[in-house]
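Note that these values count all heavy atoms, side chains included, but never hydrogens, waters or copies made by symmetry. By convention in this document, chain letters (A, B, ...) are assigned in the order of the sequence lines, proteins followed by strands, and residues within each chain are numbered from 1.
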Amino acid sequence: MRNSKQRQKIAFFLLFLATLLIVIPVGLIVVIIIQKGLPAINWQFLSDMPRKGMRAGGIFPAIVGTLYLVTGAIIFALPIGLFAAIYLSEYAKENFLTRVIKLAIVNLAGVPSVVYGLFGLALFVVFFKFGASILSGSLTLGIMILPIIITASREALESVPQSFREVSLSLGASKWQTIKNIVLPNAIPGILTGTILGLGRAAGETAPILFTVAAFYLPRLPASVFDQAMALPYHLYVISTQVPNVDEKIRYGTALVLLAMVLFMNLIAIIIRYQFRKKKKW
Amino acid sequence: MKMPKIITKNLNLWYGKFHALKDVNACFEDKRITAIIGPSGCGKSTLLRVFNRMNDLIEGVKMKGEVLISGANMLAKEADLVNLRKKVGMVFQRPNPFPLSIYENIVFGEKIHAEKIKKSRLEEIVEKSLDSVLLWNELKDRLNKSALSLSLEQRQRLCIARLIAVKPDILLMDEPCSALDPQSTQRIEELMRELKKNYTIIIVTHNMQQAARVSDDAGFMLLGELIEFGRTDGIFTTPQDKRTEDYITGRYG
Ligand SMILES: Nc1ncnc2c1ncn2[C@@H]1O[C@H](COP(=O)(O)OP(=O)(O)OP(=O)(O)O)[C@@H](O)[C@H]1O
Ligand SMILES: [Mg+2]
């Protein structure tokens, strides 16, 4: 009896320890980056061009570049992902083709990001002759986050109760009217959440933009979608490994800005989800 | 004699290989309430869902025979399902308003079907429909409140109002009171009697007393067959078939 209680305690302790071990690195990352990066953050750092071979000045073009890339990725991936999700959850019959599509999506999610980079290089940069450009980079990132958006949207659509669909159809609505008026509005929070998580992923990845868009050093803003652009993750890589004697402050400051952007997006996703939970009553 | 609203002729239905309805022949008359009774799993809901073709949503459903609604065969290939479902509305077992406002729930059908949406028309529909389910006075000041804030009985009434707003001829009700308490049930039954002046009502119920109380005609089903069909009085007092009698007197589960 005693023995089993003690074991229970030990098991509890080990489980707790394992959980704590997850929190510690996350906390440390945030603390260290804030501690080392915060001194670099000021208005000039955020709004100025890099200077002196990126050893001074700001990271403005990298921030803008990342925003462009993320926006481009979403413009491309959200409609396609959403339509695919609607097709899969509302229209597709359970057959061989559907299974192949679902399998493809799962596998797409598992492809390493550097492979997306190579794929983007081959398809968009070389084959479609978009060159290394915001367009190529956005499309590559878009493809990378497609599975996230499709999966989240499908889950959101499928969590809308079947009875809503039945009622709508029984009132004489067509299938598309039902989807448009009843299913989609109730699925939007879930879709948004997935989209924002995808955005965060797109903002943070280096490998997919490495060959498709990223400029090593471009102290001006891109003029069109066919321009190259700097981007935060790649810039961070460059100033950390390719350029000697960059002040630690600048490196961690850049990391902090990137982290803040990604965390901010995740925070929005969490808030949307929370608001939705509060309202949802069925 | 009036022409029956719904006539089924040798209606058969299969879920895949499972033969769920077997040669059902029945007439449902206008401005009357017809109850369908029978033990669980005998095919009552299935039969009801033939009339608005909701079974079509299930994969592998096959139907044979004829279902004449106002004279037109609804199992024919060219049957217009949207129009059919406008004419034949359904009240479900669980009250299931959309998670929208009371107002939006009721105008849903009009917004779907009307070519041009006019605000005055919508308001008229809301008042009329709520009035016909005796909810207007209760709810007229909170039309913009969520329908999910209503009591179960109010929700079920709202669902009926939402249906009436589409101007159907026939109301299908699949155990409409099984989620409600006895008082609410009684009031919904009163509502049904009121509604039958304007509609053909078919109700599926497990509640023998309810069938006896509200219906004019009744059908008893067993294992997919319609065993007996006729005036409710007759079915309950002098059933022709031994199995009907056994069921009514409670000898079936
Ligand atoms: N989608 C389906 N696929 C296969 N079989 C089904 C399906 N729906 C119903 N059935 C079967 O068809 C038969 C009739 O079902 P139905 O729901 O019409 O019965 P019911 O009389 O309404 O029962 P209850 O009183 O429990 O609601 C049952 O044996 C059921 O198992
Ligand atoms: Mg049933």
Side-chain angles (χ1 to χ4, degrees), chain A residues 85-102 153-193 272-282, chain B residues 45 48-49 51-60 80-100 104-114 129 146-150 155-156 158-168 170-174 179:
Chain A
I86 292 176
Y87 173 76
L88 285 173
S89 75
E90 306 292 327
Y91 287 98
K93 299 232 159 52
E94 192 56 47
N95 57 23
F96 181 71
L97 180 67
T98 310
R99 278 201 295 278
V100 169
I101 294 174
K102 288 182 180 167
S153 304
R154 262 182 64 201
E155 271 168 18
L157 293 167
E158 279 159 19
S159 75
V160 176
Q162 194 59 29
S163 71
F164 291 179
R165 297 180 177 82
E166 282 200 348
V167 178
S168 172
L169 292 169
S170 82
L171 289 168
S174 68
K175 187 150 188 171
W176 174 241
Q177 283 173 323
T178 300
I179 293 171
K180 190 170 60 120
N181 293 303
I182 295 298
V183 181
L184 270 183
N186 284 298
I188 276 181
I191 294 167
L192 273 184
T193 313
I272 292 176
R273 200 180 296 200
Y274 175 75
Q275 289 292 340
F276 181 56
R277 285 245 174 88
K278 241 181 20 186
K279 272 207 293 197
K280 179 163 146 177
K281 282 213 195 85
W282 64 79
Chain B
S45 301
L48 211 57
R49 292 161 68 93
F51 299 145
N52 63 350
R53 297 275 306 260
M54 286 301 277
N55 288 318
D56 290 32
L57 303 181
I58 299 165
E59 258 177 78
D80 173 355
L81 288 198
V82 166
N83 254 319
L84 169 70
R85 288 176 184 155
K86 262 162 65 177
K87 288 277 160 244
V88 186
M90 182 163 229
V91 178
F92 295 78
Q93 182 167 0
R94 274 183 57 81
N96 49 10
F98 297 124
L100 302 168
E104 286 299 327
N105 262 283
I106 294 181
V107 299
F108 178 82
E110 174 73 8
K111 283 192 172 172
I112 293 283
H113 297 302
S129 317
S146 166
L148 301 181
S149 68
L150 300 175
R155 286 188 198 187
Q156 194 63 303
L158 178 67
C159 291
I160 298 174
R162 175 176 65 186
L163 189 53
I164 287 174
V166 186
K167 293 212 178 68
I170 301 169
L171 305 182
L172 308 174
M173 303 190 170
D174 195 346

- Top contributor to chain A interface from B/Val166, B/Leu172, B/Asn96, B/Val88 [non-hydrogen pairs under 4.5 Å]: B/Asn96
- Message: Under 4.5 Å from any heavy atom of chain A, what part of B/Arg49 do you find: side chain, backbone, both or neither?
- Response: side chain
- Note on the structure: Sequence neighbours excluded, the answer for side-chain contact (heavy atoms from CB on, under 4.5 Å) partners of A/Ile188 is A/Leu192
- Identify which of B/Arg94, B/Glu59, B/Lys111, B/Lys86 forms the greatest number of heavy-atom pairs closer than 4.5 Å to chain A. B/Glu59
- In this structure, CG of A/Leu88 is separated from CG of A/Leu157 (nearest 0.5 Å) by 10.0 Å
- Message: Check this for me: A/Tyr91, atom OH, are more than 12 non-hydrogen atoms of other residues, nucleotides or ligands nearer than 6.0 Å?
- Response: yes
- Candidate pair B/Cys159 and B/Phe92, rule side chain to side chain contact (heavy atoms under 4.5 Å, CB included), full reasoning: CA-CA 8 Å; B/Cys159 291; B/Phe92 295 78; over 6 Å; no
- Note on the structure: Cut-off 4.5 Å, heavy atoms of chain A, and the answer for B/Val91 is neither
- Ignoring hydrogens and angles, tell me if any N or O in the side chain of B/His113 forms a donor-acceptor pair with the backbone of A/Leu171 under 3.5 Å. yes
- Item | Part of B/Pro168 lying under 4.5 Å from any heavy atom of chain A | neither
- Item | chain A contact via B/Val82 - which portion, at a heavy-atom distance below 4.5 Å | both
- Query: Can you tell me if NZ on A/Lys175 sees more than 12 non-hydrogen neighbours from other groups inside 6.0 Å?
  - Reply: yes
- Query: Checking heavy atoms, do the side chain of A/Ile182, its backbone, both or neither come under 4.5 Å from chain B?
  - Reply: side chain
- Item | Residues forming a side-chain contact (heavy atoms from CB on, under 4.5 Å) with A/Arg273, sequence neighbours excluded | A/Thr193, A/Leu197, A/Arg277
- Item | Engaged part of B/Leu163 at the chain A interface, taking heavy atoms whose separation is under 4.5 Å | both
- Note on the structure: Whatever's closer than 4.5 Å to a heavy atom in chain A on B/Asn52 counts as side chain
